[in-house]
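Encoded as structure tokens, the structure appears first; notes follow it.
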Amino acid sequence: MKKHDDGFFERVYAAVRKIPPGRVTTYGAIARCVGSPQASRMVGWAMNNSHTCGEYVPAHRVVNRNGMLTGKHHFDGPEVMASLLRNEGVRVEDDRVLDFQEKFWNPVPDTDL
DNA sequence: GGTGTGACAATGG
DNA sequence: GCCATTGCCACAC
């Protein structure tokens, strides 16, 4: 047996990978989905290490609570994140997701919490 | 094993 | 209502 998971990151990656194209979510939502709603900061860091995970993680679909592309700077380029989102049909302006509320996708379909 | 960090979030003034 | 600060949790060095 395997442990429950090699780390908190694995859960984050899994949740982010579940984000359908054209949709976005927040760090807090993912953090909550993985069981640590307070570890929202860790989620962002997980994204930074996402490239070390070996698997592709659509981190560009993850934005902060305000829908702002805070992590765009951590991509291959500051324009990559917005470009990817636009490419998926997400309207982005001023480094922020328009209709964020509309595009927001909850990793937890029905939380019991 | 301790310290620092980190792409947030919530609260206070 | 906006700006500033703290809290938080798990990982990397």
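Every chain is numbered from 1 and lettered A, B, ... according to where its sequence line falls, protein lines coming before strand lines.
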Give A/A59 one of three labels, base, sugar-phosphate or nothing, depending on what nucleic acid heavy atoms sit under 4.0 Å from its own.
base

I need the OH-P distance between A/Y13 and C/dC11, as an integer number of Å.
10 Å

Roughly, in whole Å, what's the span from CZ in A/R32 to C1' in B/dC8?
13 Å

Can you tell me the distance, in whole Å, between the CE atom of A/M42 and the P atom of C/dC11?
7 Å

Nearest-nucleotide 5' precedence on DNA chain C, A/S40 against A/W45
A/S40

Taking atom NE2 of A/H51 as the centre, does the number of heavy atoms from other residues, nucleotides or ligands within less than 6.0 Å exceed 12?
yes

Considering only heavy atoms from C-beta outward, does the side chain of A/N66 approach that of A/F100 to under 4.5 Å?
no

Round to a whole Å and report the spacing from CG of A/N48 to C1' of B/dC8.
14 Å

Hey, which sits more toward the 5' end of DNA chain C by its nearest nucleotide, A/F9 or A/R41?
A/R41

Salt bridge or not for A/R61 and A/E88, using N-O below 4.0 Å?
yes

Figure out the CD/C1' separation between A/Q38 and C/dC11, and round it to whole Å.
18 Å

Ignoring hydrogens, what is the shortest heavy-atom contact between A/V97 and A/V63? Give both atom names and the distance.
CG2-CG1, 4.0 Å

Count the heavy atoms of every other residue, nucleotide or ligand shown that sit under 6.0 Å from CZ of A/R91, and state whether that count exceeds 12.
no

For DNA chain B, which residues in residues 61-82 of chain A have a heavy atom at a distance below 4.0 Å?
A/N64, A/R65, A/T70, A/G71, A/H74, A/F75

Candidates C/dC11, C/dC9, B/dA7 - which lies nearest the side chain of A/F8
C/dC11

Sorted by chain and number, sequence neighbours left out, side chain to side chain contact (heavy atoms under 4.5 Å, CB included) with A/R41 holds for none

Between CG of A/N49 and P of B/dG4 the distance, given in whole Å, is 19 Å

What I'd like to find out is whether the side chain of A/V80 reaches to under 4.5 Å of the side chain of A/K72, using heavy atoms alone.
no

Whole angstrom is fine here: how far is it from NE2 in A/H51 over to P in C/dA12?
11 Å

